[in-house]
2 protein chains.
Amino acid sequence: MATLKQVAAHAEVSVQTVSNALNAPHRLRPDTLERVNRSIELLNYRPNRNARSLRTSAVELIGYCVPSWPDQAHLVMDQFLHELCAAAEKTGRHILLFTAPPGVEGMPTYDDLHARRLVDGFVLSQTETHDPRHGWLKDTQIPFVSFGRVWKETTQPGPWVDVDGAAGSAMAVQHLYETGRRRIAFLSWPRSSGLAEDRLAGWRGRCKQLGLPTGGLAVRCGEDAIDEGARATAELLDSDQPPVGIVALSDILALGALRELGRRGLTPGVDVGVTGFDDSPLASVVSPGLTSLRQPMDEIACELIAILTETQSLTGTTSGVPTERLLQPELVIRGSSAPG
Amino acid sequence: MATLKQVAAHAEVSVQTVSNALNAPHRLRPDTLERVNRSIELLNYRPNRNARSLRTSAVELIGYCVPSWPDQAHLVMDQFLHELCAAAEKTGRHILLFTAPPGVEGMPTYDDLHARRLVDGFVLSQTETHDPRHGWLKDTQIPFVSFGRVWKETTQPGPWVDVDGAAGSAMAVQHLYETGRRRIAFLSWPRSSGLAEDRLAGWRGRCKQLGLPTGGLAVRCGEDAIDEGARATAELLDSDQPPVGIVALSDILALGALRELGRRGLTPGVDVGVTGFDDSPLASVVSPGLTSLRQPMDEIACELIAILTETQSLTGTTSGVPTERLLQPELVIRGSSAPG
DNA sequence: CTGAAAGCGCTTACAG
DNA sequence: CTGAAAGCGCTTACAG
């Protein structure tokens, strides 16, 4: 393993010059730069990152706590991780994975990782209503950015990126409306979830806007399970005025709706239009395919990394980068809402 | 941020003694140790990992390349990552995530990560038939361990951990046999997959052993998709002697079988018993639940980490730890094979 | 544009 | 059992 010193000796310059060739090439005369680069190539030199980190006290590593499954979002977690990695690598950084107890119990782990200089900062996800982690990290001055807002807080403790769930539901309603449906139901979760309330509000808002009924059309499911989605759908279909469109809060719930339709001999996309959320692998794997709202994972990842690395959180200086970004989901249309 | 030096000054000992208190406490007199520990506590000292790594040239980081989805195994990837993280942390290590082009194209990325001392070694997964990465890493002397065997090689280029697919299929056959079924089919993939051949062989072997027919009962699907599983199932059910049990190579294929049964008014678990592979989130989310072969992710992760850290691959010395481990899957029985 | 020197925070023979 | 000193491989003011 060649060192900076050896490269310097080989190129007959000082170590400082080699270091500059790597980190500030514009400071060198072109001929010197070329000579140094030849030596680097020849000796197959790779800078030792630990030495660099020790000196600069930046490790270029971003911590991400792997959620313990089962978990609502785990179906798209692999997509998220892949994009997060790719986005980090574009800035020369990498993702360090770790496990921690949920909630505030896990904070000592975050603190330790940061204090021992294993990471520069954190990307949080699985944000919950009143998530205590954000405030804790902010107080401790540990850089972080959150995928997901801390719900029901007037002011967010730190920078975040999120997807506009209300807009997503509205898009789903609009789509079902445009395919001729006028009675559109909503499959929701318990009231305690900020995410659920956001998506529910989008459905209600657009329905009102279009002059569609909402009364008795929002059903709360006990948990995010296929059986619950099926049960809620059965309830809706058994009512006096059954809906002809169903916007579900999640792909899982939507799958329940599809199953119940099938059980009754109704054809999804023809008799009743169904949409889900997240465009998980499930959506494209069922038949007919499930129309679903895709989260723009690549954009999300890029924004997270940009905010974490370019704002005060990591550099100590405030730049012009906004620290709150609400991104729009995209409706992926499949057979469950539009046959053919 | 306190340093070793400051702790030493506070405890009125040399830095060497503080270092020993941390890394070799048995070398200190109990009273000295206690005094040093008090200072560490008081100053909230955390050793700087970069300084340590620079000195010891071990970063305690293990690289794992996030597979680009879509991918056969991505449904259980989050479980795998969680267990891998947890296992690494038990040894004081962490997982560094990165992306790389598939196959041998990605090897420079592995090499770079190792040369720049961002990682000590790698855990590979998504092993393919004749996977070139193993030989490459072995030749380059980069420590690694593989989750999955390199199929069709007489000798494996490096240490591995894998799950016994043949035994898994045999367990599924045995289970269906014990629930009274005598005609058991197998849903497979194209011949090019070592994993598929392994699982197929297990089915055939156990059927022969039990005196069950196999002729015309193995169907190859074009790809791992629900539609393909349904199509293959339809083919089987339309034959002169339709099977009453179906062992599928994957949960996805099994889901296809369930769908086709439903379409025909047949009840899974009653009329036809169905089993899948991997016990993915899908298996417990459908109704009836899908009987499936669970990979022991916790064991797999522990073995991977143990082999990587305890054998020559990382320490340079051969220890007594075996470098090849074939683990047994576990049959998780649900309604698709046994009602009630 | 280039170079000699200090230092980031640890660990580890070595000597006492 | 304890301590003084060298060194891991970089970066960065500083001087020329």
Side-chain angles (χ1 to χ4, degrees), chain A residues 1-37 39-40 43-61 92 112-120 315-316, chain B residues 1-37 39-40 43-61 92 112-120 315-316:
Chain A
M1 211 73 280
T3 69
L4 204 59
K5 210 169 168 180
Q6 288 164 20
V7 175
H10 186 271
E12 298 181 310
V13 292
S14 70
V15 290
Q16 145 86 313
T17 301
V18 182
S19 179
N20 278 337
L22 257 26
N23 303 316
H26 59 274
R27 288 197 199 157
L28 302 205
R29 268 207 321 258
D31 58 323
T32 315
L33 180 57
E34 208 203 326
R35 184 154 44 95
V36 173
N37 280 336
S39 295
I40 288 175
L43 299 179
N44 192 24
Y45 169 71
R46 321 287 181 89
N48 182 314
R49 180 70 143 267
N50 296 312
R52 178 177 216 278
S53 295
L54 176 58
R55 193 57 240 253
T56 63
S57 78
V59 282
E60 323 268 76
L61 249 35
D112 202 54
L113 251 18
H114 182 254
R116 286 157 63 207
R117 311 287 27 236
L118 268 85
V119 303
D120 296 324
T315 64
Chain B
M1 210 71 284
T3 69
L4 203 60
K5 211 168 167 181
Q6 288 164 22
V7 176
H10 186 272
E12 298 183 308
V13 292
S14 70
V15 290
Q16 145 84 314
T17 301
V18 181
S19 180
N20 278 338
L22 256 27
N23 303 316
H26 59 274
R27 288 199 200 157
L28 303 206
R29 267 209 320 260
D31 57 324
T32 315
L33 180 57
E34 208 204 327
R35 184 154 44 96
V36 172
N37 279 336
S39 295
I40 288 176
L43 299 178
N44 192 24
Y45 169 70
R46 320 285 181 89
N48 182 313
R49 180 69 144 268
N50 296 312
R52 179 177 216 278
S53 294
L54 176 56
R55 193 56 239 254
T56 64
S57 80
V59 282
E60 323 268 75
L61 249 36
D112 202 54
L113 250 20
H114 182 254
R116 286 157 63 208
R117 313 288 23 240
L118 269 86
V119 302
D120 296 323
T315 63

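Just so you know, these numbers use all the heavy atoms, side chains as well, and skip hydrogens, waters and symmetry mates.
Contact annotation: the side chain of A:L22 never approaches that of A:R52 to less than 4.5 Å [non-hydrogen atoms, C-beta and beyond]. The closest side-chain heavy-atom distance from B:R49 to A:V59 is not below 4.5 Å.
Between the P atom of C:dG9 and the CG atom of B:L43 lies a distance of 14 Å, rounded to the nearest Å. Distance B:R117 CZ to D:dC10 P: 12 Å, rounded to the nearest Å. Counting to the nearest Å, the C1' atom of D:dT11 and the CG atom of A:L4 are 9 Å from each other. We find that CD1 of A:I40 is positioned 10 Å from P of D:dC10, with the value rounded to whole Å. Here C:dG7 presents its P atom at 9 Å from CZ of A:R55, a figure rounded to the nearest Å. Going from atom CG of B:N23 over to atom C1' of C:dA13 covers 15 Å, rounded to whole Å. Remark: P of C:dC1 and NE2 of A:H26 are 8 Å apart, rounded to the nearest angstrom. When the C1' atom of C:dT2 is taken as reference, atom CG of A:L28 falls 9 Å away, rounded to whole Å.
In this structure, C:dC14 forms a base pair with D:dG3, meeting either the Watson-Crick or the G-U wobble geometry with both donor-acceptor distances under 3.5 Å.
Nearest-nucleotide assignment on DNA chain D puts the 5′-proximal partner with B:R29, out of B:R29 and A:N48.
Ranking C:dC10, D:dT11, C:dC1 by closeness to the A:S19 side chain, first place goes to D:dT11. Considering only the side chain of B:T56, C:dT11 comes nearest among C:dC1, C:dT11, D:dC10. Closest to the side chain of A:V15, out of D:dG9, C:dT2, C:dA5, is C:dA5. Closest approach to the A:Q16 side chain among C:dC14, D:dT12, C:dC10 is made by D:dT12 (side chain taken as heavy atoms from C-beta onward).
A sub-4.0 Å separation between OP1 or OP2 of D:dT11 and a side-chain N or O of A:R52 is present. Between B:S14 and D:dA4, a side-chain N or O to OP1/OP2 separation shorter than 4.0 Å is absent. Side-chain N/O atoms of A:T17 include one lying less than 4.0 angstrom from OP1 or OP2 on C:dG3.
Between the B:N50 side chain and the A:N50 main chain, no donor and acceptor come within less than 3.5 Å of each other. A:R116 contributes no side-chain N or O that, together with a main-chain N or O of B:R46, makes up a donor-acceptor pair within less than 3.5 Å.
Using a 4.0 Å heavy-atom criterion, one finds that A:T32 contacts the sugar-phosphate atoms exclusively.
The two residues B:N48 and A:R117 come nearest to each other via the heavy atoms ND2-CG, 3.7 Å.
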